Q: 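Sharing a structure, written as structure tokens. Questions coming.
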Amino acid sequence: MPDEKTLTLGPVKIVGSFLSPMVRKALAVLDIKKIPYEIDPIIAFMGSEAFGKLSPVRRIPVLIDNDITVSDSTVVCEYLDEQYPEPAVYPKDPVNRARARWLEEFSDTRMQEVFSWHLFNQYTINPLMWGEPLNEAVVEHAKTVEIPHILDYLEGVLPEEGFLFGEVSVPDIAIANHFRNASFVGYKADAERWPITASFAERVLAIESLKKLNPYEDKLLETQPTEHRKVLGEMGVPLVSETLGTDKSKRGFMIIK
Ligand SMILES: N[C@@H](CCC(=O)N[C@@H](CS)C(=O)NCC(=O)O)C(=O)O
């Protein structure tokens with residue numbers, strides 16, 4: 001187990017895999033703000049006992065910056081924006097700030113539940129970690145009922161051009177990241193039915209701070225989780241010296257059905 005000094009000294013550290021939309025949210029913010037970081041690219045379900053101590057909900061991302069260790073991508077991004085204010089990644093005025101918070105929350109809760117648990121995890125985590133076959137009914141319901149309901153809502157609130165609040169901000173990234181994970185398992189929003197949402201997702205996913213992560217995501221998708229750290233190291237990713245990952249899988253506490 002790494003001692004606390006190893007974890008807290010040096011550049012910002014992020015615990016969590018490039019395959020997580022929540023981790024990529026934090027990584028994009030670090031990149032936009034040009035904050036160097038090291039990463040421990042673990043899947044939450046393969047965290048050690050030490051990981052459980054750092055992240056009592058056993059979720060990623062976790063951020064460690066000198067004296068502070070926090071979980072939850074929103075808390076991480078808000079901390080980064082306050083500690084390293086330029087360039088800002090949230091709008092400043094109270095009305096837009098509230099809208100930004102709501103859209104980020106919508107993405108982190110409802111979109112996460114449907115896109116991650118009912119879609120992406122069905123094809124990836126469930127068979128790989130738990131040996132569970134894909135649940136066709138869950139996936140079908142996600143594709144035909146839950147996702148369309150989400151996209152109908154987004155179609156009315158997303159901008160036809162540009163980003164939500166001028167410069168790219170956290171809710172743009174949070175929302176678009178779910179479409180990237182959906183693409184990993186072959187789902188793409190129908191651009192005829194949801195033209196605004198489909199083009200928004202494409203536009204946000206094309207920003208440099210997200211696009212530069214694509215090669216790592218693509219590589220991880222074809223690599224066994226136990227080899228993730230090794231292949232990323234070979235690709236030149238700055239890794240933390242000691243991992244909080246293990247070879248064993250363990251279910252999280254906060255199960256979303
Ligand atoms: N609200 C949290 C959600 C984090 C989350 O659900 N992360 C996933 C990976 S994308 C995870 O750690 N799942 C493991 C679990 O829920 O047990 C955040 O925004 O960070």
Side-chain angles (χ1 to χ4, degrees), residues 12-30 37 39-65 68-81 89-90 100-130 132 138 142 146 150 169-185 187 205 210 213 216-217 220-221 225 228 243-246 248-257:
V12 169
K13 295 172 178 62
I14 290 285
V15 180
S17 172
F18 290 96
L19 292 179
S20 155
M22 306 298 177
V23 171
R24 292 201 304 279
K25 191 199 323 177
L27 297 181
V29 167
L30 285 162
Y37 63 85
I39 185 164
D40 186 5
I42 67 167
I43 291 173
F45 303 109
M46 295 182 76
S48 64
E49 291 304 311
F51 168 66
K53 287 196 179 127
L54 279 195
S55 174
V57 290
R58 295 191 70 84
R59 284 188 158 174
I60 52 173
V62 178
L63 168 132
I64 304 156
D65 187 22
I68 180 160
T69 299
V70 280
S71 298
D72 193 279
S73 62
T74 302
V75 177
V76 168
C77 293
E78 288 181 346
Y79 164 75
L80 291 172
D81 207 37
V89 288
Y90 288 98
R101 285 197 182 111
W102 157 243
L103 289 170
E104 184 180 1
E105 176 65 10
F106 179 71
S107 162
D108 291 357
T109 52
R110 183 58 178 156
M111 289 185 77
Q112 167 73 348
E113 181 177 29
V114 174
F115 281 79
S116 289
W117 291 84
H118 298 171
L119 189 68
F120 178 74
N121 288 5
Q122 290 293 327
Y123 290 89
T124 55
I125 299 292
N126 291 8
L128 211 66
M129 295 281 145
W130 326 122
E132 287 172 6
V138 168
E146 294 176 313
I150 289 170
S169 65
V170 174
D172 294 304
I173 294 165
I175 291 168
N177 274 344
H178 289 298
F179 291 92
R180 175 77 177 140
N181 275 61
S183 78
F184 295 155
V185 295
Y187 178 86
L205 292 176
L210 286 174
L213 303 175
Y216 308 137
E217 299 151 18
L220 294 183
L221 284 171
H228 281 190
T243 183
L244 295 168
T246 65
K248 296 182 191 62
S249 41
K250 179 179 165 89
R251 285 188 193 267
F253 301 129
M254 299 171 67
I255 306 297
I256 300 176
K257 293 284 180 211

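These figures come from a predicted structure and were not determined experimentally. Every heavy atom of this structure was used, including side-chain atoms; hydrogens, water molecules and symmetry mates were not. We count ligands from 1, going down the list as the structure has it; atoms in each ligand are counted the same way.
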Q: Counting only heavy atoms, which portion of Q112 has something under 4.0 Å from ligand 1: side chain, backbone, both, or neither?
A: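 Answer for Q112: side chain.
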Q: Partners of E132 by salt bridge (charged side-chain N to carboxylate O under 4.0 Å, His left out), sequence neighbours excluded?
A: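 By the salt bridge (charged side-chain N to carboxylate O under 4.0 Å, His left out) rule, E132 matches R251.
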Q: Specify whether F45 and W130 have parallel, tilted or perpendicular ring planes, treating 30° as the upper limit for parallel and 60° as the lower limit for perpendicular.
A: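 Perpendicular: the ring planes of F45 and W130 meet at over 60°.
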Q: Should the proximity of W117 to ligand 1, defined as any heavy atom under 4.0 Å, be assigned to the side chain, the backbone, both, or neither?
A: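 The answer is the side chain of W117.
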Q: Hey, is ligand 1 close enough to S20 that some N/O pair sits below 3.5 Å?
A: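 Between S20 and ligand 1 (N or O atoms, distance only) the closest approach is not under 3.5 Å.
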Q: Among all residues two or more places apart in sequence or in another chain, which pass the side-chain contact (heavy atoms from CB on, under 4.5 Å) test with V75?
A: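 Applying side-chain contact (heavy atoms from CB on, under 4.5 Å) to V75 gives V70, D72.
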Q: Would you mind telling me which of I42, V76, V15, I60 makes a side chain to side chain contact (heavy atoms under 4.5 Å, CB included) with V23?
A: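 Exactly one pass, corresponding to I60.
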Q: Can you tell me how far OH of Y90 sits from CG of D81, rounded to the nearest 0.5 angstrom?
A: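 So the gap between those two atoms works out to 7.0 Å.
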Q: Less than 3.5 Å between some nitrogen or oxygen of T74 and one of ligand 1, yes or no?
A: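 Not met; the criterion fails.
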Q: Show me which atoms of ligand 1 lie under 4.0 Å from any heavy atom of A44.
A: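 Listed by number with element, the hits are 11 (C), 12 (O), 14 (C).
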Q: Measure from atom 2 (C) of ligand 1 to every heavy atom in D72, L19, V75, I60 and give the option owning the shortest one.
A: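 Nearest heavy atom to atom 2 (C) of ligand 1 lies in D72.
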Q: Going by the atom numbers of ligand 1, which of them fall below 4.0 Å from some non-hydrogen atom of F45?
A: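 By the 4.0 Å cutoff, the relevant atoms are 14 (C), 15 (C), 17 (O).
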Q: With a cut-off of 4.0 Å, which atoms of ligand 1 are near a heavy atom of M22?
A: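 Ligand 1 atoms under the 4.0 Å threshold to M22: 4 (C), 10 (S), 19 (O).
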Q: By number and element, which atoms of ligand 1 are closer than 4.0 Å to a non-hydrogen atom of P61?
A: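 Reading through ligand 1 atom by atom, the close ones are 20 (O).
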Q: So, taking the atom named CZ in R180 and the one named CG in L19, what distance separates them when rounded to the nearest 0.5 Å?
A: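 It is 9.0 Å, given to the nearest 0.5 Å.
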Q: Do ligand 1 and S73 have nitrogen or oxygen atoms that lie under 3.5 Å from each other?
A: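 Yes - when backbone and side-chain N and O of S73 are compared with those of ligand 1, one distance drops under 3.5 Å.
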Q: Are S116 and N121 close enough that a side-chain donor and a side-chain acceptor fall under 3.5 Å?
A: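 Side chains of S116 and N121: no pair found under 3.5 Å.
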